[in-house]
Amino acid sequence: MTPEAVVECACDLGEGPTWDAARQRLLWLDIDGQVLHQLSVEGHHTAVAIDQRVSAVVPDVDGHLVAVAGLTVARLDEDGRVGAVLATLPPDGDGLSNDARCDPKGRLWVGTVDRSGEMQAGLFCVSADGTIRQVRDRVALSNGIDWSPDGRTCYYVDSLLHRVDKLHLDDEGFPIRTETLVEVDAIPDGLSVDAEGGVWVALWDGGAVHRYSPTGSLDRIVEVPGGFITSCAFGGREGTTLFITSARGGLPETDLRSQPHAGALFGVDVGVAGRGYTPFGASN
């Protein structure tokens, strides 16, 4: 099962794919290039320059966009301008946020970064009214995050720990117990969960996306032909297309010549739909 390059966007750091069900489009970013990419369900691709470095973008319940820019959660218009700030995260660590996704209750979970080795970063839950709750401390490089189909488990990656964790949640959707789902030799990056509960994990330096069962068994490998593999999300007409983002920044020139698709958006029909992505501000 080999994905095809769907959009040859040559991203320096392609990241953060999410399916906007209301508008039937895939959203993803070139973080370092400061570009918002969109792919309609009909296959039309557009790219818009963003006026700040944005690490994540999600649709909200009203059909607008919300972005994570630096340490702020803010509005983002369709022309790429970061607008009104909804919340500001603590500056501990590198002073940068990374991956983000909305939980089944419509709250945006955002992780921060601390590459110093001090693990001063965290994972935060931002509500639509701007309320911030820290849900995890002692974080190094917060990355992929998604939820089980029943909403009782959050799967979470701290890339520098080389593992995917299972956060068992209470009735309010906050962690009460944590265990390791799987440890990997490569660097785990973004992830998405399918409707059967399978956890698809992009391996930054592993050239692939791995699917793990809810008990941590590796049951499928999707090898990706080019670049660093950053994240994945389900979408498309049937919801069974796994879109995969990649990065070309930092690859040696010899690797760029041998991997012409590095930085592209890839796609492959994996025969199972995603669990779906909740817009910011939705109340379930």
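Position 1 is the first residue of the sequence; numbering continues from there.
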Worksheet entry | Pair Arg107-Thr131, side-chain hydrogen bond (donor to acceptor under 3.5 Å, both in side chains): steps then yes or no | CA-CA 10 Å; Arg107 303 170 300 200; Thr131 302; over 6 Å; no
Item to complete: Dump the intermediate steps for salt bridge (Lys or Arg N to Asp or Glu O under 4.0 Å) on Arg81 and Asp51, then the final yes or no.
Response: CA-CA 6 Å; Arg81 292 187 295 269; Asp51 63 2; over 6 Å; no
Practice prompt. Would you please classify the geometry between the His37 ring and the Trp28 ring as parallel, tilted or perpendicular, with 30° and 60° separating the classes?
Written response: parallel
Discussion item. Within the 3.5 Å criterion, strictly below it, is a donor on Asp103 or Trp109 matched to an acceptor on the partner's side chain?
Written reply: yes
Worksheet item: Is a side-chain donor-acceptor pair under 3.5 Å present for Ser55 with Ser97?
Response: no
Which value, rounded to the nearest 0.5 Å, describes the distance between [X] atom [atom1] and [Y] atom [atom2]?
X	Y	atom1	atom2	value
Glu179	Thr153	CD	OG1	8.5 Å
Leu13	Arg248	CG	CZ	12.5 Å
Leu36	Leu65	CG	CG	6.5 Å
His45	Ser40	NE2	OG	10.5 Å
Arg101	Leu191	CZ	CG	7.0 Å
Cys125	Gln134	SG	CD	11.5 Å

Please check this pair: side chain of [X] against backbone of [Y], looking for a donor-acceptor N/O pair closer than 3.5 Å.
X	Y	answer
Asn98	Gly111	no
Gln120	Glu118	yes
Ser231	Thr245	no
Ser213	Thr215	yes

Discussion item. Check this for me: Asp150, atom CG, are more than 12 non-hydrogen atoms of other residues, nucleotides or ligands nearer than 6.0 Å?
Written reply: yes
Discussion item. With a 6.0 Å cut-off (strictly less than), is the heavy-atom count around CD of Glu238, excluding the residue itself, greater than 12?
Written reply: no
Fill in: Aromatic centroids of His162 and Trp204 separated by under 6.0 Å
no
Discussion item. Ring of Tyr156, cation from Arg136 - is the NZ or CZ under 6.0 Å from the centre and inside 45° of the axis?
Written reply: no
Is the shortest distance from a Lys or Arg side-chain nitrogen in [X] or [Y] to a carboxylate oxygen in the other one below 4.0 Å?
X	Y	value
Asp171	Arg152	yes
Arg133	Glu172	no
Glu196	Arg220	no
Asp158	Arg138	no

